[in-house]
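Convention: sequence-line order gives letters A, B, ...; per-chain numbering from 1.
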Amino acid sequence: MNVFKGFRQQLLAVLGEMAGAGELPGGLDTSRVAVEPPREAAHGDVSTNAAMVLAGQAKANPRQLAPKIAERLKALPGVTGVEVAGPGFLNLRFTPEFWQAQIAVILRAGLAYGDSDAGGGLPVNVEYVSANPTGPLHAAHARGAVVGDALANLLEKAGFAVTREYYINDAGAQVDVLGRSAYLRYREALGESIGEIPAGLYPGEYLKEVGQVLAARDGRRWLEALESEWLPAVRDFAIDAIMVGIKEDLTALGVGIQVFSSERALVAAGAVRAAFDTLTARGLIYEGVLEPPKGKVPDDWEPRPQTLFRATQFGDDVDRPLRKSDGSWTYFANDIAYHLDKYRRGARVLIDVWGADHGGYIKRMQAATTAITEGGAALDVKICQLVHLMDNGVPVKMSKRAGTFVTLRDVIERVGADVVRFIMLTRRNDQTLEFDFAKVTEQSKDNPVFYVQYCHARCRSVLRHAGEPDAEMLAAEAPLDRLSSPEELELIRLLAGWPRLVEAAAEAHEAHRVAFFLYDLAAGFHALWNRGKDDTTLRFLVEGDPGLSRARLALVKAVATVIASGLRVIGVAPVEELRS
RNA sequence: GGCCCCAUAGCUCAGCCGGAUAGAGCACGCGCCUUCUAAGCGCGGGGUCGCAGGUUCGAGUCCUGCUGGGGUCGCCA
């Protein structure tokens, strides 16, 4: 249970009593009443703006209303003090017993601590990675993969019904290029000298193996065939081979995508046609000529009639074409059908994780989602900014043309999946991120992965020393009232903030907050640990005082539990110890 | 030129649905220290939240305009 949410319920009950007693008018709108931890410790344990928010409705002055609410709040169990401060804030303090009891709550919940029903089982579809199946995943894909996967975990913890999905763009011209590139490697595998890979085809070495396996399977069957005959077969073979590799890479990164949707299958099933007909029936399709773009007009611009979707009716800047001049669907048209498909399969919140270069596509996709689902589903798009790969401060050069890009697999093998996952969440998704091979593996305070893992390892070390006390035993028997120092109580407050953070981060669709929370929690624990250096009575295991030791063990185990619970959301395994 | 994102301490970045005296790490300065786990620890200085208006009891947060950086710009996915 979220401490703050719980208190808010009590507060609302009090306000209800006051309405009953005639101290407040009935039917108050309490939606803006907030209960939150104050930034300043001097402002107590929780703070509420209730008096300020309700003053207008009650036709009262906040400073006059606040004391009346305060009187009743003082009577609540666990509340030790209520103050009116500033423009009308109500600052409350809870008894130490209230906070100490949270330790038992954490220990009994275990890794499930922070689980919430805030999502109410609402179906959410998170689509991420969705890299073109034309080559292996490279380093840049890691960010989207982690952001999407951690967000999915977070939403699940917050009580949403999550589907993790990957959209395979296997319908466009690019996969034909893949097919031709693979065909060349196939001929090479059968002994032909193919020379330099022509411009416009994929030069990557990874296609050699595809060509060899194809040659082994089909022999010389396609050598004399027309392209119209071999292309579909070779292309599909290559796509399947590439996707096998991509799935292996995702598994290596711990990314658990459940649904892989094929764009081509969608088109073949007539889904695009159906979506198009639906939009047409709703009067949202027309043949028209777009205005030239404002400002700089492309050299080759000329007015052309096109089949357009009325995206401007749903907040986009211009209407968008759905057909190419050869009559086939645009990528956008396919994407509309795809988003409708996700909605039809039940999703009511759609989240797409895209690269920064697709930012200009957001408005139209949101417009289309609103239109095609008639407002039944909302689309949120998370844009992932660039990752700058560095090695000890030196930028790692990558060139697709020269085939020198760093693959995701390379990165994982070099630093480990856990490090990749954690570091990718140490910035907001819309900020660029620096990934330095040297720094992310260094065992120092500068490295947040290490800092958080070290916290867990220290906890585990203490618990091992103490003979692995059982969580239930600690919850039931530890004299938690002995956790009475300001530092210990402060650490408990941090721990008790985890459920609230889960809910807030899930609502905002921001998994990076989990990484920042873990860092703060680790800092709080390390500070407490360090106090034991100078003063042995502040150590967790206190010689000759088994009761105190047991209480502190309960705290340590609670810290380890919350760290592990948070790392699980990020998809990182907590470590037992650190070795160099 | 249109649209989108960004701008917070010297540097890298947090900042919740608008809330009280804007935070952390690094760097810098001073002091301490040889370890229940092995990253040393503690304290301190440092801010016109890009600029100018507006809304509000209250703005880093919302709105408008401007400046600077990035992305994108009619059938590439």
Side-chain angles (χ1 to χ4, degrees), chain A residues 31-32 34 36-40 42-43 47 49 52 55-56 61-62 85-89 91 130 132 134 169 171-175 263 289-298 300-304 306-308 316-335 355-363 383 385-386 426-428 430-434 442-448 450-451 454 457-458 460-462 465-466 500-501 503-505 507-508 510 512-513 516 519-520 523 526-527 529-534 536 539-543 577-580:
Chain A
S31 59
R32 290 185 59 226
E36 51 193 9
R39 284 183 191 162
E40 285 287 326
H43 293 152
S47 172
N49 60 358
M52 291 183 289
N61 172 316
F89 286 104
N91 294 331
S130 298
N132 291 335
T134 54
N169 300 134
Q174 289 186 11
V175 287
E263 180 183 9
V289 180
L290 288 176
E291 294 289 309
K294 299 258 166 73
K296 196 180 177 186
V297 178
D300 59 348
W301 197 90
E302 54 184 57
R304 271 177 227 153
Q306 295 181 98
T307 303
L308 299 166
D316 199 0
D317 306 308
V318 289
D319 294 335
R320 304 290 180 176
L322 296 183
R323 282 187 192 280
K324 302 179 190 176
S325 51
D326 68 357
S328 65
W329 302 111
T330 61
Y331 181 81
F332 179 51
N334 293 352
D335 227 357
D357 54 338
H358 289 69
Y361 198 75
I362 297 176
K363 273 193 187 179
I383 288 292
Q385 269 295 347
L386 298 177
T426 55
R427 291 284 180 274
R428 297 175 53 91
D430 50 12
Q431 293 275 355
T432 57
L433 182 150
E434 192 176 286
E442 144 186 311
Q443 295 203 350
S444 83
K445 192 180 174 180
D446 303 347
N447 181 356
F450 177 77
Y451 193 66
Y454 194 28
R458 275 182 159 171
R460 293 293 308 127
S461 171
V462 174
H465 271 274
R500 181 174 190 268
L501 185 118
E503 291 184 359
E507 189 186 356
E510 291 184 354
H512 74 273
R513 291 191 199 181
F516 283 93
Y519 185 88
D520 289 343
H526 288 312
W529 174 289
N530 290 329
R531 288 169 57 83
K533 278 184 181 176
D534 297 332
T536 53
R539 295 189 176 187
F540 299 113
L541 303 179
V542 184
E543 204 77 27
E577 58 184 345
L578 292 158
R579 294 190 208 94
S580 45

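Within 4.0 Å (heavy atoms only), A:W301 reaches at least one base atom of the nucleic acid. A:Q431 comes within 4.0 angstrom of the backbone, heavy atoms only, and of no base. Within the nucleic acid shown, A:N530 comes within 4.0 Å of at least one base atom, counting heavy atoms only. Within 4.0 Å of A:T432, counting heavy atoms only, lie sugar-phosphate atoms of the nucleic acid but no base atom. Among the heavy atoms of the strands, none lies under 4.0 Å from A:A508. In this structure, A:H465 reaches the sugar-phosphate backbone alone: every heavy-atom distance under 4.0 Å involves primed, P, OP1 or OP2 atoms, never a base. Within 4.0 Å of A:F332, counting heavy atoms only, lies no atom of the nucleic acid at all. Using a 4.0 Å heavy-atom cutoff across all strands shown, A:N91 reaches at least one base atom of the nucleic acid.
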Symbol by symbol from the 5' end, with Watson-Crick or G-U pairs under 3.5 Å, [ ] crossing and | another strand, RNA chain B is (((((((..((((.....[...)))).(((((.......))))).....(((((..]....))))))))))))....
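One atom, CZ of A:F540, and another, P of B:U37, lie 12 Å apart when rounded to the nearest Å. Rounded to whole Å, atom P of B:C75 lies 14 Å from atom CG of A:N334. In this structure, CD of A:E442 is placed 18 Å from P of B:A38, rounded to the nearest angstrom.
For A:R427, counting side-chain heavy atoms from C-beta on, the closest listed nucleotide (B:U12, B:U37, B:G19) is B:U12. The side chain of A:E577 approaches B:U37 more closely than any other nucleotide in the set B:C17, B:A24, B:U37. Closest to the A:K363 side chain, of the nucleotides B:C3, B:C76, B:G74, is B:C3. Among the nucleotides B:C3, B:G19, B:A39, the one closest to the side chain of A:Y451 is B:A39.
Judged as a side chain to side chain contact (heavy atoms under 4.5 Å, CB included), and not counting sequence neighbours, the contacts of A:K324 are A:D326, A:S328, A:T330. Among residues two or more places apart in sequence or in another chain, the salt bridge (charged side-chain N to carboxylate O under 4.0 Å, His left out) test is passed with A:R32 by none. Take A:R458 and apply the salt bridge (charged side-chain N to carboxylate O under 4.0 Å, His left out) test, not counting sequence neighbours, and it matches no residue. Annotation: salt bridge (charged side-chain N to carboxylate O under 4.0 Å, His left out) contacts of A:D316 (sequence neighbours excluded): A:R320. A search for salt bridge (charged side-chain N to carboxylate O under 4.0 Å, His left out) contacts involving A:R460 returns A:E468, A:E576, not counting sequence neighbours. A:E442 is linked by a side chain to side chain donor-acceptor pair (under 3.5 Å) to A:S444, counting only residues two or more places apart in sequence or in another chain. With sequence neighbours excluded, the residues satisfying side chain to side chain donor-acceptor pair (under 3.5 Å) with A:D430 are A:R428. Looking at residues two or more places apart in sequence or on another chain, you find a side chain to side chain contact (heavy atoms under 4.5 Å, CB included) between A:E434 and A:M390, A:K439. Not counting sequence neighbours, A:Q431 has no partner by the side chain to side chain donor-acceptor pair (under 3.5 Å) test.
Under 4.0 angstrom from either OP1 or OP2 of B:G15 there lies at least one side-chain N or O belonging to A:R428. Within the structure, a side-chain polar atom (N or O) of A:S461 is placed less than 4.0 Å from OP1 or OP2 of B:U37. Close to B:G74, at under 4.0 Å from its OP1 or OP2, lies no side-chain N or O of A:R304. When the side-chain nitrogen and oxygen atoms of A:H512 are compared with OP1 and OP2 of B:G15, one or more of them lie within a distance under 4.0 Å.
Ring to ring, A:Y451 and A:H526 are close: their centroids are under 6.0 angstrom apart.
Across A:V289 and A:P303, no two heavy atoms sit closer than the pair CG1-CB, 3.7 Å.
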So which protein nitrogen or oxygen atoms get under 3.5 Å of nucleotides 54-64 of chain B's nitrogens or oxygens?
{"from": "B:G60", "atom 1": "O6", "to": "A:R39", "atom 2": "NH2", "distance (Å)": "2.8"}

Return the polar atom pairs (N/O with N/O) between nucleotides 67-71 of chain B and the protein under 3.5 Å, or none.
{"from": "B:G71", "atom 1": "O2'", "to": "A:A356", "atom 2": "O", "distance (Å)": "3.3"}

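Here OG of A:S325 is found 9.0 Å from CD of A:Q306. Values are rounded to the nearest 0.5 Å.
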